[in-house]
Amino acid sequence: MNDQPSRWSRATVYPDMWADPGDDPRDTDGGTPDGELANLQGFLTNYRITLRMKCEGLDAEQLARRSVPPSTMSLLGLVRHLAEVERDWRGWLGDPLPKLYGVRDGDFDGAVADQAVVDAAYADLEREQAATDAALAAHPDLGRRVGKDDMAIRELLVHRVEEYARHCGHADLLRECVDGRVGQ
């Protein structure tokens, strides 16, 4: 008997995709936004949606399921981690903020199979994303340098896209291990 879930996708038009084009909430119409800022924001928005898509339809136990020992990575841990990272980026604009989940790795270690923890993680993520978006919106000049590290706003935005993109790759593998669902 094999404990591995069978690979599957909900997509029928392109079976290697996560969702059929008409059901995909991401901006996939083929058009590109004008300007660097709009492009970066578009990629960030699509990766944020992708993370949520990879987590949809799972219960608290499935979201909290760890990848492979000794890793503490889980889909729920990724949601919590990205909330923590959003908060941390605001610290680059000024003074560092206290960690959301306390100690180092608290985002992953505290990702337990409890619906209240799941609900709190999504609320934390939404709140921290909105706060970081608002903080960066106050600096529309991508070349402007801010914070003690004199970092360009452009670099902060690229870091956000990179962080979500990397973790969406992790989410692909985690989701496939949970229930076999695959796709972009």
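Because only heavy atoms are used, hydrogens play no part in the values below, and waters and symmetry mates are left out as well, while side chains stay in.
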Parallel, tilted or perpendicular: ring planes of Tyr47 versus Phe43, cut at 30 and 60 degrees: parallel

Over-ring placement of Arg181 relative to Trp18, 6.0 Å and 45° cut-offs: yes

Step-by-step side-chain contact (heavy atoms from CB on, under 4.5 Å) determination, Ile49 to Met53: CA-CA 6 Å; Ile49 293 169; Met53 290 170 72; 3.8 Å; yes

Sub-4.5 Å side-chain heavy-atom contact between Thr72 and Asp105: no

side-chain contact (heavy atoms from CB on, under 4.5 Å) assessment of Lys54 paired with Asp172: CA-CA 7 Å; Lys54 296 296 178 173; Asp172 281 337; 2.5 Å; yes

Same cluster (ILVMFWY, side-chain, under 4.5 Å), Met73 and Val79: yes

Minimal non-hydrogen separation, Ala64 against Ser74, with atom names: O-CB, 3.6 Å

Where at least one partner belongs to residues 128-143, residue pairs that pass side-chain hydrogen bond (donor to acceptor under 3.5 Å, both in side chains), sequence neighbours excluded: Arg48-Asp133, Glu86-Thr132, Arg87-Glu128, Arg90-Glu128, Arg90-Thr132, Gln129-Tyr164, Asp133-Arg160, His139-Arg144

Working for side-chain contact (heavy atoms from CB on, under 4.5 Å), residues Leu142 and Leu37: CA-CA 7 Å; Leu142 295 178; Leu37 178 58; 3.8 Å; yes

Short side-chain donor-acceptor distance under 3.5 Å, Glu163 and His167: yes

Polar side chain donor-acceptor pair, Tyr101 to Asp124, under 3.5 angstrom: yes

Trp89 side chain near Leu136 side chain, heavy-atom distance below 4.5 Å: no

Salt bridge Glu126-Arg52, side-chain N to carboxylate O under 4.0 Å: yes

Distance-minimising heavy-atom pair for Arg80 and Gly106: NH2-O, 2.9 Å

Donor + acceptor pair across side chains of Thr50, Arg26 (<3.5 Å): yes

Leu93 with Leu100, same ILVMFWY side-chain cluster at under 4.5 Å: no

Shortest non-hydrogen separation from Val13 to Pro21 and the atoms involved: CB-CD, 4.0 Å

